[in-house]
Amino acid sequence: MPIATTIAELARHVGQTVTLSGWLYNSRSSGKLLFLVVRDGTGLCQCVLEKTAVSPEAFEAARRLGQESALRVTGAVRADERSVGGHELAVSEVEVVQSAAGYPITPKAHGIDFLMKNRHLWFRSQRQWAILRVRHTIVDGIRRYFNDHGFILIDTPIFAPAAGEGAQTLFAVDYFGEPVYLAQTGQLYVEAAMMAHRKVYCFGPTFRAEKSKTRRHLTEFWMVEPEIAYADLDDVCALAEDFVYELVQRVLRERRMELELLGRDLARLEAIQKPFHRITYSQAADILRSGQTRTTFEADLERAKARVEELKRLIAEKEAERGAAGIKEWKADKLAQEILDAREELADQEEAVRNIPTHMELAANFEWGGDLGGSDETIIARLHDRPVFVTHYPRGCKAFYMKRNADDPRVVNNLDLLAPEGYGEIIGGSQREDDLDALLERIKEDGMNPADYEWYLDLRRYGTVPHGGFGLGVERTVAWICGLKHIRETIPFARMMGRIYP
RNA sequence: UCCCCGCUAGCUCAAUCGGUAGAGCACCCGGCUGUUAACCGGGUUGUUGUAGGUUCGAGUCCUACGCGGGGAGCCA
């Protein structure tokens, strides 16, 4: 009897006859030899079928199987360097569970619109498979971290009442005739629970109606928000630092294979060590206006310009080569793909050439009091090899609940954590304003109605203490750890402006 | 809301100055005993996003709209 097993377990079965159950990822035929690349959810395995090993009918049936056909394959396991995963199966039997034809996602190149429309199938492709496995480990790592550190999980509501300002970035829902909104944070609720349990967190989906079409935005994304009592800004930073560090360590430990498959530069992740860098907003402003920033941007611009010229030359050369007489078809095909890749990079580089002067100007003319823009964050992060905390923002550009700084009333005790390599803000948080009068003042200042916040104000009336917390965006964290260009691949079914299918 | 780019076969893309719409892949037929997006030979595939306009003639030029991509603002 063959042993039923999975591809991940093959190393334990070398020399034995096993049965794999999975789907046909790709197949290549060589006359009397057939290579079936099978995936089973745990990995890929090349199954080699020799014509003489089975009946002519069985060989013919296997040869005609379409991509993603469901099948069971039985054969002897052997180690082979030439095979994906290092093991292969010398097939003695193929059982077709379902014969599939016309699978849309071929092993060739596809555009992003097509792939997103076929997201339900795209999961099966190697890169997507690896990304969602890393996401799983990050999500599990988040839960594990807080559960192991004495935090109590508090599920906060998704329907939120109309709350003063900011309603334009919220999704309105009809709630028995009343307009309510999909929550964009659980923070206020988690503060209430923190007063009961000391250390709490909420973890769930959150919704933003921002009309942002960028590689960093989703309209529905997951956020974890811890909140701790008897804590000041330093305590919140220390928590965020240890938490992010542990997440990275966990992924490096458990998902090395997936990161390698994604082509992630592991050295960049291994460089994530404590302590993270810490600068204040005012120091960030000085950095932005400094010669170092100017020089960095100028170097970037020169590099981008040089790359544009290089790519143009490269494309012209390849096009000439492709058009040359007597060229082999496979060679022309390869060149065509290289030209497409080069053009894509060219578009990116040309965009950089257009944008950098604007970014330079924004940085050079940065005025104390404004919020840091995307390009500003990028330059700050680029000058550091570890995540960097930016603290003490002007209170004018931050939310009403953030604690005013005792020494400098112009700023609040908040923190943003910028991921390295230009991945931007993955954490935003603060010490909270625990003084009733100060909080009331800020609510009025923002033109909101204190009556809407009565329950929240109660938290300051009855046993208020210094406390704080932060929110970490799961998808941005996954994008950073996986080294992905776009956030849409970090969540199973991305919800973005103008995209709701499937 | 604003700025830039794109839309041609099921998929990825060509199409010179405005002059008969074409490759590769997928699919079908045949060949090949170590392939790695296999390869080689043959075959099938079109309302060029939509609506107007200019022109003897529009995939190509103009206008509007739609959809998608990237960015600004805003944000995790």
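In this structure, A:L24 places its CG atom 14 Å from C1' of B:rA26, rounding to the nearest Å. With rounding to whole Å, A:L65 atom CG is found 16 Å from B:rA26 atom P. Per the geometry, CZ belonging to A:F114 stands 12 Å off P belonging to B:rC13, to the nearest Å. Taking atom NE2 of A:H110 as the reference point, atom C1' of B:rA9 lies 15 Å away to the nearest angstrom. Put simply, CD on A:Q46 is 13 Å from P on B:rG34, counting in whole angstrom units. In this structure, A:K108 atom NZ and B:rA23 atom P are separated by 17 Å, rounded to whole Å. Following rounding to the nearest Å, A:R28 (CZ) and B:rG34 (P) show an atom-to-atom distance of 13 Å.
The residue A:F35 sits close to a base: some heavy atom pair falls under 4.0 Å. No engagement by A:R127 is indicated, since no non-hydrogen atom pair under 4.0 Å with the nucleic acid exists.
Salt-bridge check for A:E50 with A:K32: failed, with every basic side-chain N at 4.0 Å or more from each acidic carboxylate O. Ion pairing of A:E227 with A:R432 is present here, as a side-chain N (NZ or NE/NH1/NH2) and a carboxylate O approach within less than 4.0 Å.
Heavy-atom neighbours of A:E445 CD from other residues, nucleotides or ligands within 6.0 Å: above the threshold of 12.
Here the separation of B:rU60 from B:rU48, taken at their P atoms, is 10 Å to the nearest Å. Comparing the C1' positions of B:rC65 and B:rC28 gives an interatomic distance of 41 Å, to the nearest angstrom. Distance noted for atom P between B:rU12 and B:rG69: 13 Å (whole Å). Taking atom P in both B:rU63 and B:rC5, one finds a spacing of 12 Å when rounded to whole Å. Between B:rG53 and B:rC13, the two P atoms lie 32 Å apart (nearest whole Å). Distance check on atom C1': B:rU8 versus B:rG68 gives 16 Å, rounded to whole Å. Nucleotides B:rA15 and B:rA58 have their C1' atoms positioned 13 Å apart, rounded to a whole Å. A distance of about 23 Å separates the C1' atoms of B:rG24 and B:rU20, rounded to the whole Å.
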| task | Mark up nucleotides 68-76 of chain B, 5' to 3', with B wherever a protein heavy atom is under 4.0 angstrom from a base atom, S wherever such an atom reaches only the sugar-phosphate, and - elsewhere. | result | SBSBBBBBB
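A salt bridge (Lys or Arg N to Asp or Glu O under 4.0 Å) check over residues 55-65 of chain A, counting only residues at least two apart or in different chains, returns the pairs A:E60-A:R63, A:E60-A:R64.
Classification of the A:Y281-A:Y393 ring pair by plane angle, with boundaries at 30° and 60°, yields tilted. Using the six-membered ring where Trp is involved, A:H120 and A:Y501 have ring planes that are perpendicular, over 60° apart on the 30 and 60° scheme.
For the pair A:E475 (side chain) and A:R216 (backbone), a donor-acceptor distance under 3.5 Å is absent. Distance alone, capped at 3.5 Å, places no donor-acceptor pair between the A:W23 side chain and the A:D40 backbone. In this structure, the side chain of A:H486 engages the main chain of A:R488 through a donor-acceptor pair within 3.5 Å. Between the side chain of A:R289 and the main chain of A:F366, a donor-acceptor pair closer than 3.5 Å is present. The main-chain N or O of A:G428 is never found under 3.5 Å from a side-chain atom of A:D416 such that the two would form a donor-acceptor pair.
None of A:Y145, A:W222, A:F151 except one satisfies the ring-ring contact (aromatic ring centres under 6.0 Å, His included) rule with A:F203; the exception is A:W222.
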Within the sub-3.5 Å range, which N or O atoms of nucleotides 29-31 of chain B have a protein N or O partner, and how far apart are they?
unit_1	atom_1	unit_2	atom_2	d
B:rC29	OP1	A:R64	NH1	3.0
B:rC29	OP2	A:R64	NH1	2.8

Under 3.5 Å, which protein N or O atoms sit close to an N or O of nucleotides 43-47 of chain B? Give each pair with its distance.
none

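For the pair A:I279 and A:T391, the minimum side-chain heavy-atom distance is 4.5 Å or more.
The nearest heavy atom of RNA chain B to A:D80 and to A:G102 marks one nucleotide each, and the one closer to the 5' end goes with A:G102.
The side-chain hydrogen bond (donor to acceptor under 3.5 Å, both in side chains) test applied to A:T185 returns A:E225, not counting sequence neighbours.
Side-chain atoms of A:E88 come within donor-acceptor range of the base of B:rG34, with a qualifying N/O pair under 3.5 Å.
Ring centroids of A:F146 and A:F243 are separated by less than 6.0 Å, placing the two rings close together.
OP1 or OP2 of B:rU33 sits under 4.0 Å from a side-chain N or O of A:K32.
Looking at RNA chain B, the stems built from 3 or more consecutive Watson-Crick or G-U wobble pairs, each pair with its key distances under 3.5 Å, are B:1-7 with B:66-72, B:10-13 with B:22-25, B:27-31 with B:39-43, B:49-53 with B:61-65.
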